[in-house]
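Report on the following structure.
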Amino acid sequence: MVYAIISDIHSNLEALSAVLERIDSIGVDEILCLGDIVGYNSNPNECIRIFRERAIRSVAGNHDVRAAGIKEPYDFNEIAREALFWTRKALTEENLSYLKALPERLYLKNGKGVAVHGALTDSTDTYILSPWIALRNFEEILSSPDLPPVCFFGHTHVKVTYQYTKGKVLTLFKDEIDLNPEDLYLINPGSVGQPRDRNPDASFLVYDTESGRVTFYRVPYDIDLCYRKIVEAGLPIELAERLKIGW
Ligand code: ZN
């Protein structure tokens, strides 16, 4: 199986369309999403429509569960909260139900991997931002016989690979990684709709389960159009500005 793994779309239709076009040109068996289809940008319904039309499977992100009303955004900063309430109002009933039904975890076929939004220790809200937090998640895999050795996570909007090898955690930033079947991995494809690694291009990865190769991709998209739509929607201008610098 060849999977494309995408994450953190955040209602950015231009970025999602550009990424799907690239994925289609590569040719994969399935596209999986690590959550946060909505939040921040101006096209939540349009992005969910694409997910539904293409039957893209996704886990629930922290913005998805809050937009769906399962949780309240008490812990969000002011800008994220404003965008969240805007999103709730914009979503159709049908799309609210779609978000409510998203699962916390998805499994790849044949034990080749598991997908979560935040972390294995707390699916939607914990950020894996350091090797120490990664280690706690590797311990979760080691103590759970039903968990596969490869976990894909999103939420931080920063592409990275943590490798657990011989009791140590390594942090890798390479764009091409051949997974060692002896080791454990936590892999983040970066964000489609709001990258935060100072590179404004949309980010995703492709995972070939036969060869064990993971390849990261960056795709430029029409940021100016996305910017204008955020302004026209009356969303906070900071959400448009950050797209230009990838932060
Ligand atoms: Zn996110």
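We count ligands from 1, going down the list as the structure has it; atoms in each ligand are counted the same way. Keep in mind that the numbers below use all heavy atoms, side chains included, and drop hydrogens, waters and symmetry copies.
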Q. Of the backbone and side-chain N, O or S atoms of His157, does one lie nearer to the Zn ion (ligand 1) than 2.8 Å?
A.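 Short answer: yes, at least one N, O or S atom is under the cut-off.
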
**Q.** His10 near the Zn ion (ligand 1): N/O/S under 2.8 Å
**A.**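 Here the distance criterion (N, O or S atom, under 2.8 Å) is met by His10, so yes.
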
Q: Report, rounded to 10°, the angle at the Zn ion (ligand 1) between the two atoms OD1 (Asp8) and OD2 (Asp36).
A: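 Value, to the nearest 10 degrees: 90°.
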
Q. Looking just at side-chain N and O atoms, do Asp178 and Ser211 make a donor-acceptor pair shorter than 3.5 Å?
A.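 No - no donor-acceptor pair under 3.5 Å links their side chains.
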
Q | side chain to side chain donor-acceptor pair (under 3.5 Å) evaluation trace for Gln163 with Tyr185 | A | CA-CA 5 Å; Gln163 178 181 10; Tyr185 292 88; 3.1 Å; yes

Q: Evaluate the side-chain proximity of Lys112 to Met1: yes if any heavy-atom separation is below 4.5 Å, no if none is.
A: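 No; the side chains remain at least 4.5 Å from each other.
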
Q. Does the distance from a Lys or Arg side-chain N to an Asp or Glu carboxylate O, for Arg57 and Glu30, drop under 4.0 Å?
A.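 Result for this pair is yes, salt bridge flagged.
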
